[in-house]
Structure formats: C-alpha cells, structure tokens
Amino acid sequence: QVQLVESGGGLVQAGGSLRLSCAASARTFSSSAMGWFRQGPGKEREFVAAISRSTGITSYADSVKGRFTISRDNAKNTVYLQMNSLKLEDTAVYYCAADSRGLSAFQTSPTGAGLGSWGQGTQVTVSS
C-alpha cells in the first residue's frame with residue numbers, strides 16, 4: 001500500500017497562496033495517478049484536482065480551475081497543489097490520494113470513495 005504524507009497547510013488571508021505537498025513512500029508512486037480532495041466544515045469530501053501517472057494530464061473541479069495547479073515530481077515521489085487567489089470557501093482539510101487505476105478513477109469518484117490510498121490530511125484555513 002502506498003503511504004502518503006501531506007504538508008504545507010496553514011492559515012492564509014483571502015487572496016493569498018499556499019502550496020501543498022504530498023510525499024509517497026512506496027516505489028509504486030510512479031505508477032499511480034495522484035489527486036487532491038478536500039472536506040470543509042459540515043461538508044462532504046469533494047474532488048479538487050488530479051494528475052495522471054506519466055503523461056501529466058490533469059483534471060480540476062470547476063471551483064478551482066484557473067486558481068489551483070496540480071503537478072508531480074516522479075523523481076521525488078511527490079505531488080503538489082499550488083493554490084492561488086484563495087477564497088474563504090477554500091477552507092478545508094485537504095487530502096492526498098493515489099490510485100493505480102489511473103486518472104479515470106478520480107474522475108468517476110466525486111467523493112474519492114474507492115480510491116486506493118489516502119494521506120492523513122492537512123488543514124487549510126483562509127481568513128478574511
């Protein structure tokens with residue numbers, strides 16, 4: 001099982017930026033599509049972004065398109081989520097996920113149910 005460890009969360013003012021990182025400890029990182037989900041207070045977990053295993057194809061939720069960028073460094077077994085122009089509604093716990101079935105596994109699971117591996121989450125709080 002791939003182990004995932006997120007970092008980079010914190011408190012930021014609206015309009016600011018944060019970069020989340022997710023480090024994988026298993027050699028299978030390079031064969032897994034990677035993605036981010038988030039769960040805000042009182043809300044269901046929702047898809048944010050995902051990136052394919054090797055081609056770099058990405059997918060984003062409409063709510064973050066143009067503001068967030070997902071990328072991966074296979075040499076470092078790390079996936080990133082650059083978050084710009086943060087809004088109050090971006091406040092959530094952000095979770096990293098991995099799945100060997102590829103990008104489609106993320107695109108067909110709006111809540112991430114059934115995905116292979118998860119991190120512990122990192123809190124992002126956007127203040128006014």
Side-chain angles (χ1 to χ4, degrees):
Q1 185 177 5
V2 177
Q3 294 182 330
L4 309 174
V5 179
E6 303 100 332
S7 60
L11 175 65
V12 63
Q13 286 191 325
S17 298
L18 279 177
R19 189 178 79 157
L20 305 183
S21 299
C22 172
S25 60
R27 62 183 178 182
T28 56
F29 173 83
S30 61
S31 63
S32 296
M34 303 293 296
W36 293 91
F37 288 77
R38 67 185 182 186
Q39 187 166 18
K43 297 181 180 180
E44 192 174 37
R45 187 172 62 194
E46 63 177 359
F47 170 75
V48 175
I51 187 167
S52 63
R53 285 170 287 202
S54 57
T55 61
I57 296 173
T58 57
S59 179
Y60 294 94
D62 288 343
S63 59
V64 306
K65 280 181 181 176
R67 300 188 298 122
F68 290 11
T69 302
I70 188 170
S71 61
R72 65 187 291 160
D73 185 337
N74 287 343
K76 296 183 178 180
N77 293 338
T78 301
V79 62
Y80 304 98
L81 185 67
Q82 178 66 44
M83 306 185 294
N84 298 329
S85 302
L86 283 162
K87 304 176 180 180
L88 295 179
E89 52 264 41
D90 293 320
T91 294
V93 178
Y94 284 71
Y95 297 92
C96 177
D99 199 288
S100 60
R101 293 171 293 169
L103 189 61
S104 61
F106 291 84
Q107 295 170 321
T108 56
S109 181
T111 64
L115 294 182
S117 300
W118 291 89
Q120 82 288 351
T122 185
Q123 176 71 46
V124 172
T125 302
V126 183
S127 65
S128 59

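Worth knowing before you read on, the calculation uses all heavy atoms, side chains too, and leaves out hydrogens, waters and symmetry mates.
Within the 4.5 Å cutoff, the side chain of L86 has no heavy atoms near those of the Q13 side chain. Y95 has its side chain within reach of Q39: a pair of non-hydrogen atoms, C-beta onward, lies under 4.5 Å apart.
No donor-acceptor pair under 3.5 Å is formed between the side chain of T78 and the backbone N or O of A23. Put simply, the side chain of D99 never gets that close to the backbone of A33: no donor and acceptor are under 3.5 Å apart. No donor-acceptor pair closer than 3.5 Å links the side chain of Q120 to the backbone N or O of V5. When atom types are taken as modelled, the side chain of R19 and the backbone of G8 share no donor-acceptor pair closer than 3.5 angstrom. A distance-only check finds no donor-acceptor pair linking the side chain of S109 to the backbone of A105 [under 3.5 Å].
To the nearest 0.5 angstrom, S7 atom OG is 15.0 Å from Y94 atom OH. With rounding to the nearest 0.5 angstrom, the OG atom of S32 is 13.0 Å from the CD1 atom of I51. Rounding to the nearest 0.5 angstrom, the gap separating the OG1 atom in T58 from the CZ atom in R72 is 12.0 Å.
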Query raised in the report: Please walk me through it: do D90 and K87 pass salt bridge (charged side-chain N to carboxylate O under 4.0 Å, His left out)?
Result: CA-CA 5 Å; D90 293 320; K87 304 176 180 180; over 6 Å; no
Query - R53 and L103: CA distance, side-chain angles, deciding distance, side chain to side chain contact (heavy atoms under 4.5 Å, CB included) verdict - result: CA-CA 8 Å; R53 285 170 287 202; L103 189 61; over 6 Å; no
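Remark: R67 fails to qualify as a cation-pi partner of Y60 under the 6.0 Å distance and 45° angle criteria applied to the six-membered ring.
With sequence neighbours excluded, the residues forming a ring-ring contact (aromatic ring centres under 6.0 Å, His included) with F37 are F47, W118, listed by chain and number. Checked against salt bridge (Lys or Arg N to Asp or Glu O under 4.0 Å), K43 has no partners two or more places apart in sequence or in another chain. Under the side chain to side chain donor-acceptor pair (under 3.5 Å) criterion, Q123 pairs with T125, sequence neighbours left out. Partners of T55 by side chain to side chain donor-acceptor pair (under 3.5 Å), not counting sequence neighbours, listed by chain and number: S52.
Tracing side-chain contacts under 4.5 Å through hydrophobic residues (I, L, V, M, F, W, Y), one never reaches Y80 starting from F29; they form parts of separate clusters.
For residues 56-104, the disulfide bond (SG atoms under 2.5 Å apart) pairs, not counting sequence neighbours, are C22-C96.
Partner of L20 under the side chain to side chain contact (heavy atoms under 4.5 Å, CB included) criterion, out of R38, Q82, M83: M83 alone.
Residues near L11 contribute nothing to a hydrophobic cluster around it, because no ILVMFWY side-chain heavy atom sits closer than 4.5 Å to its side chain.
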